[in-house]
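Right, one structure below, let's go through it.
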Amino acid sequence: MQPKTINILGIETSCDETAAAVVANGREVKSSIIASQTKLHEKYGGIVPEIASRAHIEKIYPVIAEAMAQAGVNKDDIDAIAVANQPGLTIALVVGVTAAKTLAFAWEKPLIAINHLHAHLQSAMLAEGDLQLPAVALIVSGGHTCLYECKSPLELELLGSTIDDAAGEAFDKVANILKLSYPGGPSIERIARNGNPNAIKFPRSMLGRDSLDFSFSGIKTAVLYHCHGQDMKGQNKVGSMTGQQIADIAASFQAAVIDVLVKKTQRAAKKIGARTILLGGGVAANSTLRDALQKMCDSGSPPRKLLVAPKPYCTDNAVMVASLAYHKFKAGLFADFSLEPKATG
Ligand code: KG4
Ligand code: ZN
């Protein structure tokens with residue numbers, strides 16, 4: 001007899017994407033709907049929590065209905081409802097958590113709580129049937145930069161994280177300084193293609209020989225000084241810079257961030273004897289980072305395998321939530337209706 005297919009409805013509202021997806025057996029993506037709020041936040045150059053929350057409230061049920069329709073399923077086909085309840089903006093998370101609890105109650109389905117960062121890591125495993133452990137996972141997003149030791153999809157040990165800005169946040173802030181469009185990561189990547197990554201030697205903060213933590217505020221400040229003068233009293237030179245000068249700054253900044261990310265990941269991999277490197281989170285969409293990590297993995301002795309989240313599942317989505325929830329479903333790890341959103345995690 002064929003084992004029963006487990007269909008999980010995943011819900012994601014931790015930041016500025018309202019997303020829902022139906023995934024079968026943790027791997028087979030039956031639908032993925034994402035309502036992006038980029039246009040709403042663009043003019044502020046960053047995410048405004050109240051605007052994010054209001055937009056989630058408007059979109060959450062239409063997005064869920066569309067995910068169910070696209071998957072061709074109804075409530076009787078769904079085995080569990082999973083929701084990212086931490087970390088993120090509390091007033092954004094609460095919308096997804098409330099919707100998930102409401103549907104779980106009304107449809108009489110089990111509820112599964114998902115850590116958004118662990119879900120980002122899961123998206124790197126989507127395509128892989130045979131995960132070689134131990135693995136080091138680098139999660140680089142707008143809110144977080146973390147290195148984990150991954151012992152199984154459900155057993156993750158934090159090895160290091162940022163002590164100030166997240167990598168994606170640094171991309172967004174530097175794009176703001178350079179007057180590039182929001183969100184900053186894709187803009188910097190685009191313009192950096194025409195720039196010289198060695199034009200300016202921006203600092204690489206390694207935080208000591210053994211540290212697996214990150215710090216990106218120094219690089220961001222160095223870009224600011226480069227554009228406004230050391231004492232910040234100089235004129236903002238960005239307006240009078242040539243396209244080439246801006247491209248050189250973007251490429252040099254990107255190279256500095258990637259250098260640190262790759263070296264720290266290599267450090268962590270050596271420390272735990274990793275056979276595999278996993279890469280996920282919004283910044284994982286960056287091709288230069290993907291290529292640099294691939295090079296690091298290929299040149300290791302022995303070489304390590306790199307598993308990267310497919311590009312559509314790097315930035316926030318609900319496929320990663322439903323996919324990780326499958327492992328919790330199998331392990332019987334369910335939440336109850338006291339589930340609350342949590343900013344940290
Ligand atoms: O994972 P994500 O969608 O949201 C959070 O959980 O934070 O990540 C969004 C971040 C933003 O900071 C965005 O600028 C960055 O990912 N990002 C990129 C690229 N695409 C998105 N950073 C660098 N290069 C990219 N191509
Ligand atoms: Zn995220």
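In each ligand, atom 1 is the first atom listed, and ligand 1 is the first ligand listed. The analysis underlying the following values was restricted to heavy atoms, covering all of them including side chains, and did not include hydrogens, waters or symmetry mates.
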Q. Hey, does His116 sit under 4.0 Å from ligand 1 if you only count heavy atoms?
A. yes
Q: Could you confirm whether Cys15 has any N/O/S atom lying under 2.8 Å from the Zn ion (ligand 2)?
A: no
Q) With atoms numbered from 1 as shown, which atoms in ligand 1 lie under 4.0 angstrom from a non-hydrogen atom of Gly143? A) 7 (O)
Q.
Counting neighbours of CZ on Phe105 that are heavy atoms of other residues, nucleotides or ligands and sit closer than 6.0 Å, is the number greater than 12?
A. no
Q: Mark yes or no for whether Ser215, through its side chain, and Thr162, through its backbone, hold a donor-acceptor pair below 3.5 Å.
A: no
Q | Donor + acceptor pair across side chains of His116, Gln86 (<3.5 Å) | A | no
Q | Pairwise distance CG(Leu138) to CG(Leu293) - rounded to 0.5 angstrom | A | 6.5 Å
Q) Just checking, is any N or O donor in the side chain of Thr145 or Lys264 under 3.5 Å from an acceptor N or O on the other one? A) no
Q. Under a heavy-atom criterion of less than 4.0 Å, does Cys15 contact ligand 1?
A. no
Q.
For Tyr148, run the side chain to side chain contact (heavy atoms under 4.5 Å, CB included) check against Leu159, Val136, Leu158 and tell me which one passes.
A. Leu158
Q: State whether the shortest distance between N or O atoms of Gly185 and N or O atoms of ligand 1 falls below 3.5 angstrom.
A: yes
Q) Among Asp316, Asp172, Ile188, whose heavy atom sits nearest atom 14 (O) of ligand 1? A) Asp172
Q) Which residue supplies the protein heavy atom nearest to atom 7 (O) of ligand 1, what is that atom called, and how far is it? A) Gly142 N, 2.8 Å
Q: Show your working on side chain to side chain donor-acceptor pair (under 3.5 Å) between Ser323 and Gln122 and close with a plain yes or no.
A: CA-CA 7 Å; Ser323 178; Gln122 176 67 22; 3.1 Å; yes
Q. Are Thr13 and Thr18 close enough that a side-chain donor and a side-chain acceptor fall under 3.5 Å?
A. no
Q.
Strictly under 2.8 Å, is the Zn ion (ligand 2) approached by any N, O or S atom of His116?
A. yes
**Q.** Heteroatom of Asp316 nearest to the Zn ion (ligand 2) (N, O or S, atom name)
**A.** OD1
Q) Does any N or O atom in Gly168 lie less than 3.5 angstrom from one in ligand 1, N or O only? A) yes
Q.
Could you measure the distance from the CE atom of Met241 to the NE2 atom of His226? Nearest 0.5 Å is fine.
A. 5.0 Å
Q. Any idea which protein heavy atom is nearest atom 24 (N) of ligand 1, and the distance to it?
A. Asn286 ND2, 3.1 Å
Q.
Checking Asp16 against His56: is there a side-chain donor and acceptor pair closer than 3.5 Å?
A. no
(Q) Within ligand 1, which atoms have a heavy atom of Thr315 less than 4.0 Å away? (A) 3 (O)
Q.
Heavy atom to atom 21 (C) of ligand 1, shortest distance: which of Ala119, Gly282, Gly88 holds it?
A. Gly282
Q. How close does the nearest protein non-hydrogen atom get to atom 26 (N) of ligand 1, and which residue and atom is it?
A. Glu189 OE1, 2.7 Å
Q: Could you tell me whether ligand 1 has any atom less than 4.0 Å away from a heavy atom of His120?
A: yes
